[in-house]
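Numbered from 1 within each chain, the chains take letters A, B, ... in sequence-line order.
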Amino acid sequence: MSGGSDVVVVGAGPAGLAAACQAAESGARVLVMDDNAAAGGQVWRGEQGEWQERFARSGAALETGRAVIDERVRERGRTVVLATGARELFLPFPGWTLPGVVGAGGLQALIKSGYDVAGKRVVVAGSGPLLYAVAALAREKGASVMLVAEQAPGAAVAGFVRGLWRHPEKLAQGVGLAMALGGVEAVRGCWVEEAMGRGRVEGVKMRCGRRVWEESCDVLAAGFGLTPNTELAEMLGCHVRAGAVETGDWQQTSVEGVYAAGEVTGIGGVEKSVVEGEIAGLAAAGRRAEAERLFGRRAQWRRFGEELGRAFALREEVKRLARGETVLCRCEDVTVGQLRDRAGWREAKLRTRCGMGACQGRVCGAITRTLFGWGPSKPRPPLYPTRFEDLFSD
Amino acid sequence: MTAGAPDVLIVGAGAVGAACAWELSRGGLRVSMVEEDVVGSGATAAGMGHLVALDGSEHEFALSRFSQGLWAELLPQMPREVEHLQCGTLWVAADDEEMSEVRRKHGYYGAHGVSSEMLDAKQLAAAEPELRVGLAGGLVVPGDSVIYAPAAAQWLVERSGAAVIRGRVERLNGRTAWLGDGTRLEAGIVVNATGARAAKLTAGVPVTPRKGHLAITDRYPGFLRHQLIELGYMKSAHAGGGESVAFNAQPRKTGQVLLGSSRQHGVEDAGVDRMILSRMMKRAVEYLPGIGELQVIRCWTGCRAATPDGAPLIGPWPGEDGLWLATGHEGLGITTAPGTGRLLADLILGRTPCLPAGPYLPARLCHG
Ligand SMILES: Cc1cc2nc3c(=O)[nH]c(=O)nc-3n(C[C@H](O)[C@H](O)[C@H](O)COP(=O)(O)OP(=O)(O)OC[C@H]3O[C@@H](n4cnc5c(N)ncnc54)[C@H](O)[C@@H]3O)c2cc1C
Ligand SMILES: Cc1cc2nc3c(=O)[nH]c(=O)nc-3n(C[C@H](O)[C@H](O)[C@H](O)COP(=O)(O)OP(=O)(O)OC[C@H]3O[C@@H](n4cnc5c(N)ncnc54)[C@H](O)[C@@H]3O)c2cc1C
């Protein structure tokens, strides 16, 4: 079905919806594909809001439950906008594979899909603003949040917060979160060293500088920030630098006819995603003058993203939490000790099976990149496990 | 020869290069290797690792059978990562015509000391329950098995004690190899073991690439019990040009299912071609209706080194003094690597060859 649409958008998060709205409102035939059951992406999942309503009126078509697994997406339309977002970065520490230890975004998604946290003791640890959002949500749903631990030093985070006056929307969000957190203890310069328990997590060992203590809990939500989902872009041949898709003024990638917008071009939050999506949508529909008017707003939110990245940069200590016997590749049970001294991803893979399981390096590859400075090469189809029959039917 | 230079420099550390290093070291020679990627790369990291006795010709059988004997000595010493699975091969016959081929094969194997067992339709269904009903029967060869070849190559290289130099050879002759960074490596003799790329380094070597596609699933322990191959496979494997697809499905020790097997002659790029994969898939569903439900986690390709007469090139290269070849193993080089190493070492060391060398000598394809 070649050229069915003018613009095909992959991902129905903030960036994808904004791109689709702008392109469709400009008269383009737009198709949005997303692997989730509903539009919204990570942050608006299952919610109704301004952009969702606008999208519903835009005339753009939506295919949900539809993972884009290979380069055939290019056959669906003339231009493609990649708005594939980001995923959580995990880092291994002793005990991180115990049941009851989940990602921070993972806990958020679990709660949103009905997981009952009422009465559970929850520790939230790792890095980034997401920790506070998760803690607030857990608390709202009746959990006792014992502690929110941010690994970044207090001074860095305080500097970031002081800079928020430049981004009033974020300041308001921050104040809202602080209120939702109530009396929850939030510490900085503090990280989880180990999760302990027999059969499932029962407590965590925390460290704050020299101070080390144990905190009992039923759930540990640990996330170390976000990492862009660049796999589809790489498969299409787009240049990726420092883990993010490179884009030009119009959000165009290095591949003719392929645009990218949102977290996939660099972590910066929902406002950056929306404005990049709008620019990509307008440019893809040929309305560059309108797109250009948004450059100022984009610059502002990119700055915010950079400040965010600096403030929440990972300290070396959290990259050294794992012991030799700590599992790094969960699909294939490969330990940190088996991987530490490898020359690179290919050697690691051929010698240990690291990255050869169902995740195909999405989880472990981001970890090896952070810990050792090397990760997977260009992905092979399918991007996600796919039934044989679906893979080869047209 | 420069002081300190090795007796032999092997270019390429795939399964074949690794087996040559092993045998030459055991023969008392000092061996170095150059590999541009990781030990066990190339086709070795792409292929299925089925250790199978094939009877496409007398010399194919002789080398694969002899090599299986060497594998039987090596495998018990090798580590868990080699993932050795003694699953046997089940050649599947779709109809009566193919059943007559089963009988022929059974006779041939029997006469050559390979045990095999003929199955009728009912026995076939019992042996491999996922196969569709209505197939005629098959032949089980229990001595065949499956390995993860890169791990075996790594073990052979490590145990051989050969020094491995990381680098890409740009040019070579019978005593010297030049790396991309300008380094010059000297040796008593040089072995070109670069698989499908052999002709890039030694002009005139009659090796051409033959691309194959593969797809692997998530873990489904018990889905398959044997390596399954349709009897038409040999026709496909030995066909000359063009494209062909044959049903070839393998159980891995991990519980995964690995699906082959396609051949595209003269195609070198590593990209995945959906049309070919789709034909492979359709062929597989004709035999294993349930395979359509399994989750595929990765598809990739590899390049076989094809020769005009289908036999490998093992021995001195007539065009260049001191230059030896160990390449051209097409779709059977994992199986035949140990025999290749042994034969090459016999020839280099002047020992009585383990097999009559004639059918494998590069000189056979050099006319005038
Ligand atoms: C786990 C997690 C939790 C977060 N929680 C918060 C929060 O609480 N508050 C906040 O402000 N920000 C949060 N963020 C950040 C927020 O998601 C982003 O700022 C914003 O959603 C980015 O928008 P986007 O459109 O770039 O990506 P996303 O919202 O991530 O949307 C991308 C969409 O594309 C889909 N997709 C990706 N690849 C494919 C493919 N190959 N085929 C089909 N569909 C595909 C994804 O499933 C997803 O629906 C979170 C991020 C993550 C990863
Ligand atoms: C799809 C497919 C399925 C297969 N299935 C089977 C099977 O089931 N059973 C079986 O027995 N065989 C099988 N084979 C065949 C088998 O994989 C090959 O015959 C075997 O791997 C050949 O090994 P090799 O060492 O000659 O070449 P390769 O494994 O290709 O090794 C050559 C090495 O040389 C290196 N190299 C190349 N050029 C240079 C250079 N200029 N400088 C430095 N290094 C260089 C490469 O990096 C590589 O590591 C299959 C092959 C394919 C493609």
Side-chain angles (χ1 to χ4, degrees), chain A residues 2 35 67-75 231 234-237 329-335 338-339 341-365 374 376-394, chain B residues 13 35-42 44-46 79-81 83 148-151 153-155 158 166 213-219 249 252-257 259 270-285 288-301:
Chain A
S2 182
D35 52 347
V68 173
I69 53 166
D70 57 28
E71 68 288 346
R72 273 180 295 166
V73 64
R74 297 227 48 190
E75 295 162 17
E231 287 77 9
E234 287 174 68
M235 200 176 257
L236 297 184
C329 167
R330 298 181 72 161
C331 298
E332 301 291 333
D333 282 339
V334 185
T335 64
Q338 287 172 279
L339 295 168
D341 299 321
R342 301 289 169 186
W345 178 257
R346 183 150 165 89
E347 184 190 312
K349 183 175 151 173
L350 291 189
R351 296 285 93 85
T352 70
R353 296 191 55 86
C354 177
M356 287 173 66
C359 97
Q360 284 291 297
R362 261 188 307 282
V363 178
C364 55
W374 44 257
S377 37
K378 196 173 163 177
R380 288 285 202 170
L383 275 177
Y384 300 99
T386 306
R387 285 168 70 244
F388 255 119
E389 239 158 55
D390 300 338
L391 190 52
F392 300 120
S393 62
D394 297 283
Chain B
E35 168 57 55
E36 69 162 312
D37 192 349
V38 174
V39 170
S41 308
T44 300
R80 178 177 60 85
E81 287 74 20
E83 297 177 6
Y148 180 59
Q154 169 71 11
W155 186 90
E158 256 170 34
R166 182 89 182 250
H213 280 75
L214 296 147
I216 197 156
T217 69
D218 207 342
R219 300 183 179 212
R252 301 292 312 175
K253 197 155 199 172
T254 52
Q256 294 168 285
V257 176
L259 187 71
V272 168
D273 178 340
R274 266 199 72 246
M275 293 315 290
I276 293 284
L277 271 175
S278 170
R279 281 176 59 195
M280 266 167 57
M281 172 61 204
K282 289 188 182 118
R283 195 83 189 135
V285 171
L288 293 169
I291 202 171
E293 297 295 322
L294 307 191
Q295 301 269 341
V296 178
I297 65 172
R298 190 176 180 91
C299 303
W300 69 94
T301 64

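- Between atom OH of residue B:Y148 and atom CZ of residue B:R252 there is a gap of 8.5 Å, rounded to the nearest 0.5 Å.
- Judged by distance alone, with hydrogens and angles left aside, the side-chain atoms of B:Q295 form a donor-acceptor pair with the main-chain N or O of A:T386 at under 3.5 Å.
- B:T44 does not touch chain A: none of its heavy atoms, backbone or side chain, sits under 4.5 Å away.
- B:W300 and B:A46 get closest at one heavy-atom pair: NE1-O, 3.0 Å.
- The main-chain N or O of B:A151 is never found under 3.5 Å from a side-chain atom of A:R351 such that the two would form a donor-acceptor pair.
- B:Q256 and A:R353 make their closest contact through OE1-NH2, 2.9 Å (heavy atoms, listed as atom of the first residue, atom of the second, distance).
- At a 4.5 Å heavy-atom cutoff, B:R279 makes no contact with chain A through either its backbone or its side chain.
- When atom types are taken as modelled, the side chain of A:R72 and the backbone of A:V68 share no donor-acceptor pair closer than 3.5 angstrom.
- Heavy-atom pairs under 4.5 Å with chain A peak, among B:L277, B:L259, B:I291, at B:L277.
- Heavy atoms only, all atoms of each residue included: B:V39 and A:L350 are closest at O-CD1, 4.4 Å.
- Between A:E231 and A:L383, the closest heavy-atom pair is CB-CD2, 3.4 Å.
- By number of non-hydrogen pairs under 4.5 angstrom with chain B, the leading residue of A:A343, A:P379, A:P385, A:G357 is A:P385.
- The parts of B:A270 that come within reach of chain A are both its backbone and its side chain, each placing non-hydrogen atoms under 4.5 angstrom from that chain.
- Residue-level contacts of residues 358-365 of chain A with chain B, in order of numbering, are A:A358, A:Q360; threshold 4.5 Å between heavy atoms.
- Taking every heavy atom of both residues into account, A:W374 and A:W345 meet most closely at CE3-N, 3.5 Å.
- Interface residue B:E293: backbone and side-chain heavy atoms are both found under 4.5 Å from chain A.
- The shortest non-hydrogen separation linking A:T352 to A:V334 is O-CG2, 3.3 Å.
- The greatest number of non-hydrogen atom pairs below 4.5 Å with chain A, out of B:L294, B:I216, B:T254, is found for B:L294.
- Heavy-atom distances place the side chain of B:T217, and not its backbone, under 4.5 Å from chain A.
- Residue with the most contacts toward chain A among B:A45, B:S41, B:G271: B:S41 (heavy-atom pairs, distance under 4.5 Å).
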